[in-house]
Amino acid sequence: MEQEEKSPFFAASTSVRSDRILYTPSPFAKSNLLYLQEIGKLTALAPHTSKRGELSSCLCFLVLSGSGRLTYEGQEYTLQTGDVAFLNCRNSYSHSTAGEDLWSLQWCHFYGVSVQSIYTKYCERGGGPVIHPKDLRPYEQLLTELYELAGSDDYIRDMRINEKLSSLLTCLMSESWHPEKSLKEHAKKQDVKQIKAYLDEHYPEKLTLETVANRFFINKHYLARLFKEQYGVTLVSYLQMVRITHAKQMLRFTDKKIEEIGFACGVGEPAYFSRIFKKVEGISPSEYRDLW
């Protein structure tokens, strides 16, 4: 986070008091892991505004005390004590604090080869730039541990940083998904858990979105939307995952022929089964059996 004043570090500014670590990951970490770029804490001493954008970075910051405002993708948000912001810094943003309720923040900038895809999934699941977790402590603990790791001489610290950043993303992702809110928005509530259980049991049968919708007397488009809202994947994708999981179990723990397995798990003809299996697992059913 960089101030509008030209000060290179918060610590040198009259607007804030801060501790930060600028981190340089190893080439291996940058190519393969989630890696840290910058981490720290600050306490505002006077009103100030920070602006950034067009960075290959994601920013997570916690409002430890006080309040402020965030502008991101053309929208303005009010931030209070206990709020968490999660931003894709390729997009321009600014945040500010003013008045008597100046804030204290804890933050980290991080990145990695998978981060853009994860952020996209976060947004698809309903995650926004500001979340209001019930408990801020897990976030505080993770950022504190990351700060300590960044300043340590641990010989595998990049691996440990990767682990902590993964845990941070898991916390953020869990805040992005609120199926109960989606259900409340619909006048008619449908027990999608019952439909999921039906797929788990009847996966060997010839099932399609339409046949399942008819079975439960529900519009197929409504079902498709509702299932994805509650489970984060389409009904068809979930059914495919269930079938492939059972196929792997049969490949490893039975002597059934591959063509039998295709039919037994509901995929069908051997050629189609092999194509679908390879699409999911990256190898053919016979290669999977040989490997395991």
Side-chain angles (χ1 to χ4, degrees), residues 1-11 13 16 18-42 48-64 68-77 79 83-97 103-125 127-131 139-140 142-151 157-173 175-176:
M1 291 184 284
E2 191 174 278
Q3 290 185 276
E4 285 189 308
E5 298 95 345
K6 300 300 182 181
S7 170
F9 300 101
F10 280 130
S13 169
V16 296
S18 76
D19 295 307
R20 70 162 70 193
I21 295 176
L22 301 181
Y23 189 78
T24 302
S26 67
F28 171 78
K30 291 194 74 171
S31 298
N32 300 279
L33 305 176
L34 298 170
Y35 61 87
L36 199 59
Q37 297 167 316
E38 178 180 304
I39 189 165
K41 276 187 177 183
L42 70 85
H48 71 276
T49 299
S50 301
K51 295 182 178 180
R52 297 293 293 262
E54 299 182 4
L55 292 176
S56 294
S57 178
C58 276
L59 167 64
C60 176
F61 71 86
L62 325 178
V63 183
L64 302 177
R69 300 192 71 80
L70 167 71
T71 301
Y72 181 73
E73 294 189 316
Q75 294 192 40
E76 196 167 274
Y77 304 86
L79 300 175
D83 286 344
V84 176
F86 182 36
L87 312 176
N88 179 357
C89 298
R90 291 185 181 275
N91 303 320
S92 297
Y93 68 90
S94 69
H95 52 75
S96 61
T97 185
W103 62 15
S104 295
L105 304 179
Q106 190 172 10
W107 86 89
C108 72
H109 276 281
F110 63 97
Y111 205 60
V113 291
S114 61
V115 165
Q116 285 296 323
S117 297
I118 293 172
Y119 192 86
T120 298
K121 176 59 71 174
Y122 170 83
C123 294
E124 287 176 352
R125 288 166 61 91
V130 178
I131 59 178
Y139 296 92
E140 286 188 78
L142 283 168
L143 291 190
T144 298
E145 291 172 349
L146 280 164
Y147 186 91
E148 293 171 352
L149 279 170
R157 65 179 178 176
D158 279 338
M159 292 298 298
R160 297 193 194 281
I161 286 171
N162 173 77
E163 179 184 10
K164 298 300 180 185
L165 287 174
S166 181
S167 295
L168 177 62
L169 284 169
T170 299
C171 286
L172 291 164
M173 191 68 80
E175 298 286 350
S176 73

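Within the 4.5 Å cutoff, the side chain of L143 has heavy atoms near those of the L168 side chain. For the pair L64/L105, no side-chain contact is recorded, criterion being any heavy-atom separation below 4.5 Å from C-beta on. Between D158 and F28, the closest side-chain pair of non-hydrogen atoms is not below 4.5 Å. You'll find the side chain of K30 stays beyond 4.5 Å of the side chain of Y111, heavy atoms only. Side-chain contact between Q37 and L55: absent, with no pair of heavy atoms (C-beta onward) separated by less than 4.5 Å. In this structure, L70 and L87 have side chains that are in contact, with non-hydrogen atoms separated by less than 4.5 Å.
Between the side chain of Y122 and the main chain of S117, no donor-acceptor pair closer than 3.5 Å is present. Side-chain N or O atoms of D19 include none that pairs as donor or acceptor with a backbone N or O of G40 at under 3.5 Å. Using modelled atom types, no side-chain atom of E140 and backbone atom of L62 make a donor-acceptor pair closer than 3.5 Å. At distances below 3.5 Å, not a single donor-acceptor pair connects side-chain atoms of S57 with backbone N or O atoms of H109. Of the possible donor and acceptor atoms, one in the side chain of R157 sits under 3.5 Å from a partner among the backbone N and O of A150. Between the S166 side chain and the E163 main chain, no donor and acceptor come within less than 3.5 Å of each other.
From E73, atom CD reaches atom SG of C123 across 7.0 Å, with rounding to the nearest 0.5 Å. Distance SG/C60 to CD1/I131: 7.0 Å, rounded to 0.5 Å. Rounding to the nearest 0.5 angstrom, the gap separating the CG atom in L34 from the CZ atom in F110 is 7.5 Å. Here the NE2 atom belonging to H48 is positioned 6.5 Å from the CH2 atom belonging to W103, to the nearest 0.5 angstrom. Here the CD1-CD distance, from I21 to E148, works out to 9.5 Å after rounding to the nearest 0.5 Å. Note: I39 CD1 to R20 CZ = 12.0 Å, rounded to the nearest 0.5 Å.
Heavy-atom minimum distance, Y139 versus E175: OH-CG, 3.0 Å. Considering every non-hydrogen atom in both L146 and K164, the closest pair reads CD2-CB, 3.5 Å. A pairwise comparison of heavy atoms in L36 and L165 identifies N-CD1, 3.9 Å as the closest pair. Taking all atoms of both residues into account, the shortest heavy-atom contact from Y35 to P25 is CD1-CG, 3.5 Å. In plain terms, the two heavy atoms of S31 and V113 that are nearest each other are O-CG1, 3.4 Å. C58 approaches C89 most closely through the heavy-atom pair C-SG, 4.1 Å.
Partners of Y23 under the ring pair (Phe, Tyr, Trp, His ring centres under 6.0 Å) rule, at least two apart in sequence or in another chain, do not exist in this structure. Listed by chain and residue number, Y72, R90, N91, Q116, Y119 satisfy the side chain to side chain contact (heavy atoms under 4.5 Å, CB included) test with N88 (two or more places apart in sequence, or in another chain).
Classified by interplanar angle (parallel below 30°, tilted 30° to 60°, perpendicular above 60°), the ring pair H95/F61 is tilted.
Counting heavy atoms of neighbouring residues, nucleotides and ligands inside a 6.0 Å radius, atom CD of E76 exceeds 12 of them.
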Original post:
After noting the C-alpha distance and the side-chain angles of I118 and K121, does the key distance pass the side-chain contact (heavy atoms from CB on, under 4.5 Å) rule?
Top reply: CA-CA 5 Å; I118 293 172; K121 176 59 71 174; 5.7 Å; no
- Task: Walk me through it: do V84 and V130 pass the test side-chain contact (heavy atoms from CB on, under 4.5 Å)?
- Result: CA-CA 6 Å; V84 176; V130 178; over 6 Å; no
Evaluate the side chain to side chain donor-acceptor pair (under 3.5 Å) criterion for residues T144 and Q106: first the C-alpha distance (whole Å), next the side-chain angles of each, then the deciding distance (0.1 Å), finally the verdict. CA-CA 9 Å; T144 298; Q106 190 172 10; 3.2 Å; yes
